[in-house]
Amino acid sequence: MTIGETVGLDLSGKTALVTGAGSGIGRACARRLAAAGARVLVVDRDQDAAESVAAETGGASIVVDLADPAAPDAIPAELDVVVNNAGLQHVAPLADFPPDRFAYIEQVMLLAPFLVVRRALPHMYAQGWGRIVNISSVHGLRASPYKAAYVAAKHGLEGLSKVAALEGAPHGVTSNCINPAYVRTPLVEGQIADQARTHGIAEEQVISEIMLAKAAIKRLIEPDEVAELMAYLCTPAASFITGTSIAMDGGWTAH
């Protein structure tokens, strides 16, 4: 499925940061922001992936592990657009969930967005304009078993986004969450393979019987679809949209 650019967006002269931009949704967002004229900072812990996307977009790579609380210090503070996207998954029953893995996921998916936004806000406030787009998840609105760290982090990101929206409103800064269901990314493809092995079923069955069971639209989301919604949230037409969570879930949360 090919998704074209439908949103008119001009970010010439602006700098955009995308975390987890080496692949999947992050790469799609980086490409979309570059197409709009922004200078894109590609943040990823995978050096080869970060440099590849930076070369593709004419931007710059920043290779850091966002689990390190000092990692945001390597990120410039003069940011006009922040897309918090980096994430990972670990699936285990709550009673068996490794505490160190839980902490790592919270650091990457909640503490790092807080530190990045905190670093970027003074510049945004000073110029009277800024856009924060948090790539949350349907799991920021709903829970699933065995995903304690991911669900907790996404719910926390929702709260952080709302606080940023309330504080940023007098300064022309908006903050929103995009809440996709399953997107065709390396992270999801890995989950498909893992669940196929765990349940002893074909990967096609994992998609249709597990991942898409709660969705009314029976297909995976394409990364470019998420990126196009992200682009809209950066337009002047979206300047009154803040503090909200936009479900992109094929009807999952309509139940």
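By convention here, the first residue in the shown sequence is residue 1.
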Asks: If every non-hydrogen atom of Leu9 is compared with every non-hydrogen atom of Ala231, which pair is closest and at what distance?
Replies: CD2-O, 3.7 Å

Asks: Does the Thr185 side chain pair with the main chain of Ile25, one donor and one acceptor, at a distance under 3.5 Å?
Replies: no

Asks: Measuring from Asp46:CG to Ser52:OG, what's the distance to the nearest 0.5 Å?
Replies: 9.5 Å

Asks: Roughly how far, to the nearest 0.5 Å, is CZ of Arg27 from CG of Asp44?
Replies: 12.0 Å

Asks: Report the C-alpha distance between Val138 and Lys214 in whole Å, list the side-chain angles of each, state the deciding distance to 0.1 Å, and finish with yes or no for side-chain contact (heavy atoms from CB on, under 4.5 Å).
Replies: CA-CA 11 Å; Val138 68; Lys214 296 179 181 178; over 6 Å; no

Asks: Evaluate the side-chain proximity of Ile246 to Asn176: yes if any heavy-atom separation is below 4.5 Å, no if none is.
Replies: no

Asks: Can you name the closest pair of heavy atoms from Thr57 and Val42 and give their distance?
Replies: OG1-CG2, 4.2 Å

Asks: Could you pull out all residues at least two apart from Glu189 that satisfy side-chain contact (heavy atoms from CB on, under 4.5 Å)?
Replies: Arg184

Asks: Considering the options Arg131, His123, Lys14, Arg39, which one meets the side-chain hydrogen bond (donor to acceptor under 3.5 Å, both in side chains) requirement together with Asp80?
Replies: His123

Asks: Does Arg101 CZ have over 12 foreign heavy atoms under 6.0 Å away?
Replies: yes

Asks: For Arg45, I'd like to know if atom CZ has over 12 heavy atoms of other residues, nucleotides or ligands within 6.0 Å.
Replies: no

Asks: Using only heavy-atom distances, determine whether the side chains of Ser136 and Asn134 contain a donor-acceptor pair under 3.5 Å.
Replies: no

Asks: Hydrophobic clustering (ILVMFWY, side-chain heavy atoms < 4.5 Å, transitive) - are Leu33 and Val82 grouped together?
Replies: no

Asks: Rounded to the nearest 0.5 Å, what separates atom CD in Glu167 from atom CG in Leu121?
Replies: 7.5 Å

Asks: Inspect the surroundings of CD1 in Ile201 and state if more than 12 heavy atoms from other residues, nucleotides or ligands are less than 6.0 Å away.
Replies: yes

Asks: I need the Leu141 CG to Cys177 SG distance, nearest 0.5 Å.
Replies: 8.0 Å

Asks: I'd like to check Thr15 versus Pro76 (side-chain heavy atoms, cut-off strictly below 4.5 Å). Are they in contact?
Replies: no

Asks: Going only through I, L, V, M, F, W and Y residues with side-chain contacts under 4.5 Å, is there a path from Val173 to Ile75?
Replies: yes

Asks: Given 3.5 Å as the limit, does a donor-acceptor pair link the side chain of Asp249 with the main chain of Ala181, or not?
Replies: no

Asks: May I ask you to decide if Thr6's main-chain N or O and Glu228's side chain share a donor-acceptor pair within less than 3.5 Å?
Replies: yes

Asks: Nearest heavy-atom pair of Ser245 and Lys162: which atoms, and what distance?
Replies: OG-NZ, 3.5 Å

Asks: For the pair Glu5 (side chain) and Arg32 (backbone), establish whether a donor and an acceptor sit closer than 3.5 Å, ignoring hydrogens and angles.
Replies: no

Asks: Can you name the nearest heavy-atom pair linking Tyr104 to Ala67, along with the distance?
Replies: CE1-CB, 3.2 Å

Asks: Any donor and acceptor pair, going by atom type alone, linking the side chain of Ser175 with main-chain N or O of Gly243 inside 3.5 Å?
Replies: no

Asks: Regarding Glu158 and Lys154, does a basic nitrogen lie under 4.0 Å from an acidic carboxylate oxygen?
Replies: no

Asks: Show the nearest heavy-atom pair for residues Phe102 and Ala152, with the distance to one decimal.
Replies: CZ-CB, 4.1 Å

Asks: Taking Asn179 for its side chain and Met248 for its backbone only, find out whether a donor-acceptor pair lies under 3.5 Å.
Replies: no

Asks: Transitively linked via ILVMFWY side-chain contacts under 4.5 Å: Val226 with Val81?
Replies: yes

Asks: Would a 4.5 Å heavy-atom cut-off, applied to side chains only, mark Asn85 and Cys29 as touching?
Replies: no

Asks: Can you see which heavy atom on Arg142 is nearest to which on His255, and at what distance?
Replies: NH2-O, 4.1 Å

Asks: So if you build clusters from Ile, Leu, Val, Met, Phe, Trp, Tyr with side-chain heavy-atom gaps below 4.5 Å, do Ile241 and Leu11 land together?
Replies: yes

Asks: Give the ring-plane orientation class for His171 versus Tyr125, where under 30° counts as parallel, over 60° as perpendicular and anything between as tilted.
Replies: parallel

Asks: Is it the case that one hydrophobic cluster holds both Leu233 and Trp129, taking links as side-chain heavy atoms less than 4.5 Å apart, direct or via other members?
Replies: yes

Asks: Does a side-chain heavy-atom distance below 4.5 Å link Pro98 with His90?
Replies: yes

Asks: To the nearest 0.5 Å, how far apart are CD1 in Ile217 and CG in Leu212?
Replies: 10.5 Å

Asks: Can you tell me how far the CE atom of Met109 sits from the CD atom of Glu106, to the nearest 0.5 Å?
Replies: 7.5 Å

